[in-house]
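We count residues from 1, following the sequence as given. Computed from a predicted structure; not experimentally measured. Computed from heavy atoms alone, side chains included, the values below leave out hydrogens, waters and symmetry copies.
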Amino acid sequence: MQSIRLSRYFTPLHLITAICVVVYLLQQIGFEENIMEMFHYPVYFDQDWERWRYITHSFVHLSNIHIIANLSWFWLFGGVIERHFGAMKLFLLFLVSAVLTGVVQNYFSGPNFFGLSGVVYAVLGYVFIVDKLNANIFELPKGFFTMLLVGLVFGFISPLFDIYLGNAAHISGLIIGLVWGFIDSKISLNRYRI
């Protein structure tokens, strides 16, 4: 019985959030250089075989606002996915979007990027399209998609303010979430309905 109660606290939502927080705290107490070295996207040929690097870049955040924004959106909307479709759905969406948004961001800007925002945009895209195609099952507020677009637009004008965001990761994450949500809605979502 206790293992059942504990398992509700060891979901992908909790574990990914906890890893991000622990990594950020370690960065703040003097381990930033070590973490950057171990968690960055592969830079050199020999690092291509260090498979964790295709995911761990998502756990590192570069400022307070970076981690707060990413984890707030991830917690809120990742929780929606986990509650409605299960922990495995969120875990697979995290895994696939972390890898693919990393590949896309690396292609456009090189390997110097960190953060969960590619995954967050995948989660947001997934929630948006599933909600729209399934009679507002999440009851998202009006203007949700506008908020997504404003976030993307800000990414393109932010260099004017000396702020550089992972636009390629954001856009590719949004596309991944929209496509995945569309496929789930059209093919397999009926089996999740209660």
Side-chain angles (χ1 to χ4, degrees), residues 1-24 39 41 51-61 66-105 114-145 147-148 151-152 166 169-194:
M1 186 68 154
Q2 188 171 359
S3 65
I4 293 171
R5 274 189 243 128
L6 282 178
S7 68
R8 10 182 289 222
Y9 299 107
F10 292 104
T11 68
L13 181 69
H14 293 98
L15 293 174
I16 293 164
T17 301
I19 291 168
C20 288
V21 168
V22 168
V23 166
Y24 191 70
F39 284 33
Y41 195 83
R51 302 290 186 217
W52 71 86
R53 293 185 184 278
Y54 293 95
I55 296 167
T56 55
H57 62 87
S58 296
F59 297 131
V60 179
H61 291 83
H66 191 207
I67 191 167
I68 290 168
N70 278 345
L71 290 184
S72 295
W73 292 119
F74 182 71
W75 188 264
L76 186 61
F77 295 103
V80 167
I81 293 172
E82 211 171 65
R83 280 189 304 279
H84 280 78
F85 308 117
M88 186 56 73
K89 176 68 69 183
L90 181 62
F91 176 71
L92 290 174
L93 186 58
F94 163 77
L95 199 62
V96 170
S97 60
V99 171
L100 293 180
T101 61
V103 168
V104 172
Q105 187 64 45
F114 292 99
L116 194 64
S117 56
V119 172
V120 168
Y121 267 93
V123 165
L124 294 173
Y126 184 91
V127 167
F128 171 76
I129 199 70
V130 168
D131 187 68
K132 286 299 170 207
L133 296 176
N134 295 280
N136 291 337
I137 63 171
F138 304 134
E139 298 177 0
L140 296 178
K142 291 190 186 305
F144 181 80
F145 193 69
M147 180 223 38
L148 289 175
L152 289 174
H170 297 171
I171 293 168
S172 61
L174 183 60
I175 291 168
I176 290 164
L178 290 171
V179 169
W180 197 324
F182 179 82
I183 291 168
D184 276 0
S185 292
K186 294 300 181 184
I187 297 174
S188 61
L189 196 61
N190 288 333
R191 68 183 146 140
Y192 291 113
R193 292 194 178 142
I194 296 173

Over all atoms of both residues, closest heavy-atom pair of Phe94 and Ser58: CE1-CB, 4.3 Å

Smallest separation among heavy atoms of Leu133 and Ser185, with atom names: CD1-CB, 3.9 Å

Modelled atom types, side-chain donor and acceptor of His14 and Thr17, under 3.5 Å: no

Those residues that, when tested against Phe182, pass ring pair (Phe, Tyr, Trp, His ring centres under 6.0 Å) (two or more places apart): none

Sub-4.5 Å side-chain heavy-atom contact between Ile176 and Tyr126: no

Nearest non-hydrogen partners of Leu95 and Ile55, listed with the distance: CD1-CD1, 3.2 Å

Residues, nucleotides or ligands: over 12 heavy atoms within 6.0 Å of Trp73 CH2: no

For His61 against His66, the heavy-atom pair lying closest together: CA-ND1, 3.4 Å

Residues which pass ring pair (Phe, Tyr, Trp, His ring centres under 6.0 Å) with His170, listed by chain and number, not counting sequence neighbours: Tyr121

Criterion side chain to side chain contact (heavy atoms under 4.5 Å, CB included) on Asp184 and Phe85, from CA distance to verdict: CA-CA 10 Å; Asp184 276 0; Phe85 308 117; over 6 Å; no

CG-CD1 distance between Leu178 and Ile183, expressed to the nearest 0.5 angstrom: 11.0 Å

Criterion side chain to side chain contact (heavy atoms under 4.5 Å, CB included) on Leu76 and Val80, from CA distance to verdict: CA-CA 7 Å; Leu76 186 61; Val80 167; 5.8 Å; no

Expected output: side-chain Glu82 to main-chain Leu90 donor-acceptor under 3.5 Å: no

Minimum heavy-atom distance between Ile67 and Cys20, given as atom pair plus value: CD1-O, 3.6 Å

Heavy-atom closest pair, residues Ala169 and Ser172: O-OG, 3.3 Å

Centroid separation Phe144 to Phe77 less than 6.0 Å: yes

Test of ring centre spacing under 6.0 Å for Phe10 and Phe91: no

Leu93 side, atom CG; Trp180 side, atom CH2 - distance, nearest 0.5 Å: 5.0 Å

Whether Asn134 side chain and Val130 backbone form a donor-acceptor pair below 3.5 Å: yes

Check: Thr56 side chain, Phe39 main-chain N or O, donor-acceptor pair, under 3.5 Å: yes

Gap separating the CG atom of Leu124 from the OG atom of Ser117, nearest 0.5 angstrom: 10.5 Å

Ring centres under 6.0 angstrom apart (His57, Trp52): no

Met147, CE: over 12 other non-hydrogen atoms inside 6.0 angstrom: yes

